[in-house]
Novice: 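Sharing a structure with you now.
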Amino acid sequence: MRLLLLLPLVAASLSLTEGVMVCYFGSWAVYRQGLGKFDVEDIDPKICTHIIFGFAGLAHDSSIRVLDPWNELCDNYGKCAYDRFTALKQQNANLKAILAVGGWNEGSPKYSKMAADPVLRNRFITSSIELLKKHGFDGLDMDWEYPTQRGGSPDDYDNFVILMAELNQALHAEGMLLTAAVSAGKATIDPAYNVPELSKSLDLINVMTYDLHGAWDDYTHHQSGLYAHPLDEGDNASLNVDFAISYWIEKRARPGQIALGIPLYGRCWTLASQQETGYYAPAHQPGAAGDWTRSPGMLGYNEICYMQTTQEWTVVDDPAMNEPYTYYFPMNNIWCSYDHAASVAIKAEYAKSKGLAGTMVWSVETDDFRGLCHNRKYHLIKTMVEVFGGGSITEPPPLPTTTRDPNEPTTTTRAPPPPGVHCTQPGLNPDPLDCTHYYLCSLNTSGGYNEKEEVCPEGTLYNPQSYYCDWASSVCHLGEDVCPNDC
Ligand SMILES: *[C@@H]1O[C@H](CO)[C@@H](O)[C@H](O)[C@H]1NC(C)=O
Ligand SMILES: *[C@@H]1O[C@H](CO)[C@@H](O)[C@H](O)[C@H]1NC(C)=O
C-alpha cells in the first residue's frame, strides 16, 4: 500500500534525476540593487539537484569560517541565510544543499598551510562537519583556487589528495557528499591535480569551464567556447570547454562524476576600435560595469538580456562558434562573450553525449531569474535541464509532509519533525500576533525544534519579509496585515 503511494512521486522526478543540475549561489548578490537583488528565496529549488552556497572561508587556525555572519547566521539579528538555504529542501525532497568553502577571493596560501599539517586538516574537517550539521547541509564543496597556484606550494599536489581522502571518509561517515570545483585550464590542472587519486574521493567534479578568456587578455575572445576558434594557436587552442573536459577524462576522471560548468554571465572588454569587433579584436580595458553586478569586465546574463530588450545591442552568432557575442558602442564600446539559450542547449547536449553527470552553473543569481527577458523565469537553467533530461521539466516531490496519505501512521521514520510551539521551519520564525519579537528555530537531534525567543530592540519591529528587526515605521508601511497589533 505504502509502496504504491510512493511510486507516482518517484516517476514525477525522473527528468531531473536523469542528470545533475548543480546550481551555485553567490550569496553577496543579496547586496545588489533594484532588479538585480537576489536572496536565498529567489532560488528555484525545483530546477536544481544540488544547490551550492558560496562561500565559507578558512580562519587563521584552519577551522572553517563563516564569511558574512550577519547574512549567514541567525545570531545578533542576523539573516539566517544558511538555514533559509537548507530549508529550500522542503520544496524538493531530492535536493542536496551543499556549502562551498574557498573561492577566488580566499586565495591559496591558507589552504596550502592547512592541507600540509595533519592537525590542521583535522581541525578543518571537524569544524566543517560541525557547521554543516548545525545548519542542515548535505555536504561540502571544496573550492580551493588552486592547489600549487597563486601562492600555494608544490607539495599541494600530494596534500590535496590526502585532504580529499580524509574529508571523503569523514563526510561519508555522516552520510554527506564531497564535491569540488576545479580548474579547466591545462596550465593549472597539470601542477595542481592528481586526477586519478582525487577522482576516488569526489562525488562530483564541477569543472569550471568558463573564465577561459577575459579582460586580462588584451584581445576579445569567448570565455567559454565549446570548441577552439579557427584563429587559435599554441596554448590558446586548449582554452575551450571540449579540451578541458576531454583532458579531465583523459587523466582518468570518470565522465559520470563530472558536471560541465556553464557561465550565466558574460566576460566583457572595451573595444579599442569600432572597426574591429570580432574575435582577437584589440581591447585593452575591461568592459564597463553593469548596474546590478557592478563589476567591470563582466555582466550577468540578466543584465545583458535586459539591456538588449531596450537598446540596440548587436548580437553575433559567429558561424565558427556555438556561442554568441554582443557589443554596444554607446556603452563605451563594450563587447561581451556570453551564453544564451541556444548555446547552453548545445553544451547540455555535449555533456549528455560525453556521458557526463550533468551540468553546473555559476551562478543562479544572474540567470533571467525574474523572467524579464523570457516568458518564463530561469530560462537558461531550465533549457539545460530539458536538453540534458530529454523532456520538459516536471515538478519534483516536496518533502513527505505535504503529500502524506492521511491514513498513513504518522510515526514513520521519514516523517518530518513536528513543529515546535512557535517554529514551523528552521531559521527565523515570526510570531503572527506579535512583531516585537520572533523565534530562532533550529532542528534538534530528537527531531523537533529548539526555539529561542529574540526580542527586537526598542523602536523596531520584526519584519517577516526581510527577516530582521526594522524601524517600526518601515515595518508598518508594509500594510495592515503584517503586524496588526503593533502598528
Ligand atoms: C594567444 O593569442 C594571443 C593573441 O594572438 C597571443 O598574443 C598569445 O601569444 C597567444 N598565446 C599563446 C600561448 O599562444
Ligand atoms: C527537541 O524539540 C522538541 C520539540 O520542540 C522538544 O520537545 C525537545 O525537548 C527537544 N529536544 C532537545 C534534546 O532539545
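Keep in mind that the numbers below use all heavy atoms, side chains included, and drop hydrogens, waters and symmetry copies. For this chain, numbers begin at 1 and follow the sequence in order. One-based numbering, in listed order, for ligands and for the atoms of each.
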Novice: Of all the non-hydrogen atoms in the protein, which one sits nearest to atom 6 (C) of ligand 1, and at what distance?
Specialist: Asn236 ND2, 4.2 Å
Novice: With heavy-atom distances below 4.0 Å as the criterion, list the atoms of ligand 1 near Tyr219.
Specialist: 1 (C), 2 (O), 3 (C), 4 (C)
Novice: Would atom 11 (N) of ligand 1 count as contacted, meaning some protein heavy atom under 4.0 Å?
Specialist: yes
Novice: Hey, what's the ring geometry for Tyr338 with Tyr301, parallel, tilted or perpendicular (30° and 60° as the breaks)?
Specialist: parallel
Novice: Does the pair Asp291 and Gln33 meet the rule for a side-chain hydrogen bond (donor to acceptor under 3.5 Å, both in side chains), with working shown?
Specialist: CA-CA 8 Å; Asp291 287 343; Gln33 299 301 306; over 6 Å; no
Novice: Mind checking what makes side-chain contact (heavy atoms from CB on, under 4.5 Å) contact with Lys133, not counting sequence neighbours?
Specialist: Ile129, Glu174, Met176
Novice: Can you name the atoms of ligand 1, numbered from 1 with element, that are less than 4.0 Å from a heavy atom of Tyr280?
Specialist: 2 (O), 4 (C), 5 (O)
Novice: Would you mind checking which non-hydrogen protein atom is closest to atom 13 (C) of ligand 1, with the distance to 0.1 Å?
Specialist: Asp235 CB, 3.4 Å
Novice: Looking only at protein heavy atoms, which one is nearest to atom 14 (O) of ligand 1, and how far off is it?
Specialist: Glu233 O, 3.5 Å
Novice: Around Tyr328, counting heavy atoms of other residues, nucleotides and ligands shown, do more than 12 lie under 6.0 Å from its OH?
Specialist: yes
Novice: Applying salt bridge (charged side-chain N to carboxylate O under 4.0 Å, His left out), name anything that partners Lys382, two or more places apart in sequence or on another chain.
Specialist: none
